[in-house]
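Have a look at the structure below before the remarks.
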Amino acid sequence: MPGIKGEVLWPRLVASKIFKRRLGGNNFVADYPTGDDSFMEIPPCFAPSATLLKDTDEERRNYKVFVSTWNVGGVEPTEDSAVDELIDHTNPCDIYVFGFQEVVPLRAGNVLGSEKSKISIKWNSLIRAALMNIDTKHKTNEHSSFKCIISKQMVGILISVWVRAELRPYTQNPSVSCVGCGIMGCLGNKGSVSVRFRLHETSFCFVCSHLSSGGREIHHKYRNSNIQEILSRTIFSSGSSHRLPTDILHHDRVIFLGDLNYRISLPESTTRLLVYEGDWNALLEHDQLRMELMEGQILEGWHEGNIDFGPTYKYYPGSDEYYGIFEGEKKRAPAWCDRILWQGEGVKQHLYERVESRLSDHRPVRAIFSTQVRVKLKLRALGNFFLSERFERLTNSDTNLHSFQDDFPNSCSNPRFSIHLTDF
C-alpha cells in the first residue's frame, strides 16, 4: 500500500513547508539588534590590560523573574490597563516574561495566512507602557528602564521578554525556536514558541505553549504527546562565541508556561460542586497535569507551585460566572488550564496566583521567582574600567562610539560594535 502512505505524508509535508515559510525562520523582534554574539563586544583598541581581563572566580547574584501566561481568546485589548493588571507593582522584578495564547482567533485564515504582526505590536506597546508605570511608581527613571530582548509570535502564541536596561549588555545569545503541533501535527494553531538567552554565565529558556484541547479522558494523552514533541523538536542555534545548549532541557533555568489545557478527571457535576464549595484540594487530586507529573509520564523532575486559586477556565468573557450554566450550551467543566512549571537549581518561587482580568474566557496566571546567576568577576572589573581615567583618555581620542539605535533603527540583524556608557 505504498500509494496510501504517500497520500498521508504529502499533505503534512506541504503544510510543514508553508508553516516554516510563514514564520520567517527564527527571526524575532527586539529593541536592539541582536545576533548570536554578545550585545557587548570590546574591540582591540579598547582592550584593558591582561590582568584586568584575567579569568577570575565567579560569584552568585540573585535576580527576580516575573512570568505570566494568558489565553486572551482572540480578543484584542481595548484598554491600556490590560497588561498593567498582570503586573504585581508591589514586587518589581529584573526580568519580565509575558506569554499569550490566541492573540488572534484560530481561524483557518490566521493559521495558514500571513502573520498578523499588528497585534503583537499592540501587545508589546501595552507591555512597554505597563513597565514604564513600574518605573514611575518606584521612581527608577523618567523613561522606561526595561528593554525588549525577544518578542516572537507564531499564529496565536506570543512571547515577549524584557530586562532592566542595566542588564541588557550582559544578556547574550538570544534565540527562538517554534514548534507546530496543531493541524496535521505541524501547523501553529497549537504548539510552542521557545526563547533562550544567557544572562552573565547562566542560560535561561522559556517555553510558551498552547497544547491540544478537549475534555474527554483520552485527550490528556494528546497533550502529553504535544509536550514530548516540543521537547524533542525544539532546536536553538548553539551560538558562535559560547557553546550553549541546542535543546530545552540542558539550559540552566527552564520555565514552561502556557495554556496546557489539562482538565479535571471528574464528572462535570462533581467538578462544579467542588468549585462552588472552593475545595481546591479535592479537585487537585484529580487534576490531569498533577497526576501525569506524579506518575512520571511527562516533565519528570519539574516543579509547580501550590495552587490555592480557583480554576482559570472557562468563563463567560466579562463575567465571573463559569461557562455552561444555561440550558443548551456546550458543556465546559472548570479546569486549571493555565499553568507555569520550572526546572533547574537555584530557582525559588515566591508567588503563584491568578489575575482577575475578565477580558477573555481564561483568567491569566502569574508567578514570581528569584534565581541565582553566575557572574564572572572580570565583568565587574570591566565595568570599572569604563569609568576609569584610561577609558576617558581613549574616548577623548578620535574613536567614535555608535548607538545601536542610530545604526540599526528597526533591524534585528547582527550588530556592529556599540557601547552605551550609561550601561556601566
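Owing to the predicted nature of the structure, the values given are computational and were not obtained by experimental measurement.
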With side-chain hydrogen bond (donor to acceptor under 3.5 Å, both in side chains) as the test, would you mind laying out the steps for R263 and Q288 before giving the verdict? CA-CA 6 Å; R263 308 302 169 92; Q288 291 177 349; over 6 Å; no
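At a threshold of 4.0 Å, the pair D252-R196 does not count as salt-bridged, since none of the basic side-chain nitrogens sits closer than that to a carboxylate oxygen. By the 4.0 Å N-to-carboxylate-O rule, R354 lies close enough to E356 to be salt-bridged with it. With salt bridges taken as basic N to acidic carboxylate O contacts below 4.0 Å, none links D88 and K64. Ion pairing between R61 and D94 fails under the 4.0 Å rule for side-chain N and carboxylate O. Taking a cutoff of 4.0 Å between a charged side-chain nitrogen and a carboxylate oxygen, D338 and R363 do not qualify as a salt bridge.
Side-chain N/O atoms of Y316 and Y323 include no donor and acceptor closer than 3.5 Å. Judged by distance alone, the side chains of H89 and D84 do bring a donor and an acceptor atom under 3.5 Å apart.
For the atom pair OH (Y262) and OG (S212), the distance works out to 9.5 Å, reported to the nearest 0.5 Å. Taking CD from Q297 and CZ from R223, the interatomic distance works out to 14.5 Å, rounded to the nearest 0.5 Å. We find the CD-CG distance between Q101 and N189 to be 13.0 Å, quoted to the nearest 0.5 Å. Here the OG-CD1 distance, from S232 to I248, works out to 9.0 Å after rounding to the nearest 0.5 Å.
The cationic atom of K152 (NZ for Lys, CZ for Arg) does not lie both less than 6.0 Å from the six-membered ring centre of F28 and within 45° of the ring axis.
Relative orientation of the Y352 and F309 rings is perpendicular, given thresholds of 30° and 60° on the angle between their planes. Taking the six-membered ring where tryptophan is involved, the planes of W123 and W70 are perpendicular, since the angle between them exceeds 60° and thus also 30°.
Screening F236, F204, W342 for a ring-ring contact (aromatic ring centres under 6.0 Å, His included) involving H251 leaves a single residue, F236.
Taking the six-membered ring where the residue is Trp, the centroids of F98 and F66 are separated by under 6.0 Å.
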